[in-house]
Amino acid sequence: MKSGYIKDDQLSASGYWLNKEEYSAKHARLDSQTSAGSWSAARFRKGHETWVQVDLKTEMPIYGVVIEGRHSGLPQYVTQFNVQYGLTVHDMTGVSDAETGFPVIFNGNTDQFSHHVERFHQPITARYFRIIPVEWHGHASMRFDLLTC
């Protein structure tokens, strides 16, 4: 995504802060310093599903994800998140623990600037890839990229 192979219209979200473009999904690219410096969720309260996703336009293997927090302004970053993926947006599957079957909650950032890498135990194949913040510092704001071949 960082390289630009993903176009702005391939990035979407459940919403963004105050419906202002400066917080929209197109600013969710890893290392982006544009506008507000990240995608920022529309909702501030926990317990409301909020997400950011990418449409890869074709199925591809994904080996993991790299996330970081907001570049500018207040220290805002995701500390825990879930992942969903699928061939359509209507048939998304969460990454689950092989033993328990429960959704995996991945650890996220401990600050807003560091890259945090999460590699999946097994690659997933998807066209759509979604990150759902579970816990965060300040506000659910993030930038990300996928580990692909």
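Quick note: numbers below take in every heavy atom, side chains included, and nothing from hydrogens, waters or symmetry partners. Note that the coordinates shown come from a computational prediction; the quantities given were computed from them, not determined experimentally.
Aromatic ring pairs are classed by plane angle as parallel below 30°, tilted from 30° to 60° and perpendicular above 60°; the pair H139 and W17 is perpendicular. Ring geometry, F120 versus F129: the interplanar angle falls from 30° to 60°, so the pair is classed tilted.
Among S38, S141, P75, S72, the one residue that satisfies the side-chain contact (heavy atoms from CB on, under 4.5 Å) test with Q112 is P75.
A continuous path of Ile, Leu, Val, Met, Phe, Trp and Tyr side chains, each step under 4.5 Å between heavy atoms, connects V95 with M142, placing both in one hydrophobic cluster. One hydrophobic cluster, built from ILVMFWY side chains closer than 4.5 Å, cannot hold both W51 and V66; they sit in different ones. There is no path of hydrophobic side-chain contacts, each under 4.5 Å, that joins F102 to F81. Hydrophobic cluster membership is shared by Y85 and I62, with clusters built from Ile, Leu, Val, Met, Phe, Trp and Tyr side chains linked at under 4.5 angstrom. Both L146 and V83 are assigned to one and the same hydrophobic cluster, defined by single-linkage of ILVMFWY side chains at heavy-atom distances under 4.5 Å.
When all heavy atoms are compared, the tightest approach of G37 to R143 is O-CD, 3.2 Å. Nearest heavy atom pair, residue A28 against residue V52, reads CB-CG2, 4.1 Å. Across every non-hydrogen atom of Y23 and R70, the tightest pair is CE2-NH2, 4.0 Å.
Put simply, OH on Y63 and CD1 on I124 are 11.0 Å apart, with the number rounded to the nearest 0.5 Å. Once rounded to the nearest 0.5 Å, the distance linking OG1 of T50 with CZ of R130 reads 10.5 Å. Remark: S96 OG to H121 NE2 distance equals 11.5 Å, nearest 0.5 Å. Here the CD-CD1 distance, from Q80 to I132, works out to 13.5 Å after rounding to the nearest 0.5 Å. The structure places CG of N109 at 7.5 Å from CD of E68, a figure rounded to the nearest 0.5 Å. Interatomic distance, CG of L11 versus OG of S24, reported as 9.0 Å (0.5 Å rounding).
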Practice item. Determine, step by step, whether E135 and T79 satisfy the side chain to side chain donor-acceptor pair (under 3.5 Å) criterion, reporting the C-alpha distance in whole Å, the side-chain angles of both residues, the deciding distance to 0.1 Å, and the verdict. Key: CA-CA 5 Å; E135 296 287 338; T79 59; 5.3 Å; no
Review point. After noting the C-alpha distance and the side-chain angles of D145 and R29, does the key distance pass the side-chain contact (heavy atoms from CB on, under 4.5 Å) rule?
Key: CA-CA 6 Å; D145 206 341; R29 299 174 197 280; over 6 Å; no
Exercise for review: Take S114 and D111 through the side chain to side chain donor-acceptor pair (under 3.5 Å) test and state the conclusion after the steps.
Suggested key: CA-CA 6 Å; S114 299; D111 64 52; 2.8 Å; yes
**Study point:** Candidate pair Q53 and Q84, rule side-chain contact (heavy atoms from CB on, under 4.5 Å), full reasoning
**Key:** CA-CA 9 Å; Q53 77 180 10; Q84 292 180 343; over 6 Å; no
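Taking the side chain as every heavy atom from C-beta outward, M92 and Y128 approach each other to under 4.5 Å. Two residues are said to be in side-chain contact when any heavy atoms from C-beta on lie closer than 4.5 Å; H115 and L30 meet this criterion. No side-chain heavy atom of V117 sits under 4.5 Å from any side-chain heavy atom of I67. In this structure the side chain of Y16 never reaches within 4.5 angstrom of the side chain of E22, judged on heavy atoms. Side-chain atoms of Y77 and H137, non-hydrogen and from C-beta on, do get closer than 4.5 Å to each other. Residues I131 and W39 fail the side-chain proximity criterion, which asks for heavy atoms closer than 4.5 Å. Annotation: side chain of T148 is not in contact with side chain of L56 (no heavy-atom distance under 4.5 Å). Within the 4.5 Å cutoff, the side chain of E118 has heavy atoms near those of the N107 side chain.
Annotation: Q122, atom CD; neighbour count of heavy atoms from other residues, nucleotides and ligands within 6.0 Å does not exceed 12. Within a 6.0 Å radius of NZ in K20, other residues, nucleotides and ligands contribute 12 heavy atoms or fewer.
In this structure, S32 contributes its side chain and T34 its backbone to a donor-acceptor pair below 3.5 Å.
The pair K7-D55 does not meet the salt-bridge criterion, since no charged nitrogen lies less than 4.0 angstrom from a carboxylate oxygen. Ion pairing between R127 and E59 fails under the 4.0 Å rule for side-chain N and carboxylate O.
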